[in-house]
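All residue numbers in this chain count up from 1 along the given sequence.
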Amino acid sequence: MAIKNAELSANNDVKLVVVVEGPSQRSLMDDISTINAIPGVLTATMVYHQSEELEEGEV
C-alpha cells in the first residue's frame, strides 16, 4: 500500500518509522488513520509535529 505523503524512514523487525507530510494537521491525522487500518499494524501514533509557514513562492 502506498500513501502519497508518507516515506518509510527506518525499519526493523519490530517497528517502522514513517515520515508523513501534509498541508494541514487534519490531513496528517487522516494519514495516520489510514496507517492504523492496514492489516498487521498494531498502532500508529504521532510522536513529533512541526509546522512552518512557507515564504512567498515556496511550494
What pairs with Val17 under side chain to side chain contact (heavy atoms under 4.5 Å, CB included), at least two apart in sequence or on another chain? Ser9, Ala10

Shortest non-hydrogen contact from Leu28 to Gly22? CD2-N, 3.5 Å

By the salt bridge (charged side-chain N to carboxylate O under 4.0 Å, His left out) test, which pairs, at least two apart or in different chains, include something from residues 14-24? none

Name the atoms and distances for all side-chain donor-acceptor pairs under 3.5 Å in residues 39-50, with sequence neighbours left out.
from	atom 1	to	atom 2	distance (Å)
Tyr48	OH	Gln50	OE1	3.0
Gln50	NE2	Glu52	OE2	2.4

Find the distance between OG (Ser33) and CD1 (Ile38) and round it off to the nearest 0.5 Å. 11.5 Å

Can you check whether Thr34 reaches Ile3 side chain to side chain, under 4.5 Å on heavy atoms? yes

Please list all pairs passing the salt bridge (charged side-chain N to carboxylate O under 4.0 Å, His left out) test where one or both residues lie in residues 2-12, with sequence neighbours left out. none

Applied to residues 29-49, the salt bridge (charged side-chain N to carboxylate O under 4.0 Å, His left out) test, sequence neighbours excluded, yields Arg26-Asp30

Co-membership, hydrophobic cluster, residues Leu16 and Ile35, 4.5 Å side-chain: yes

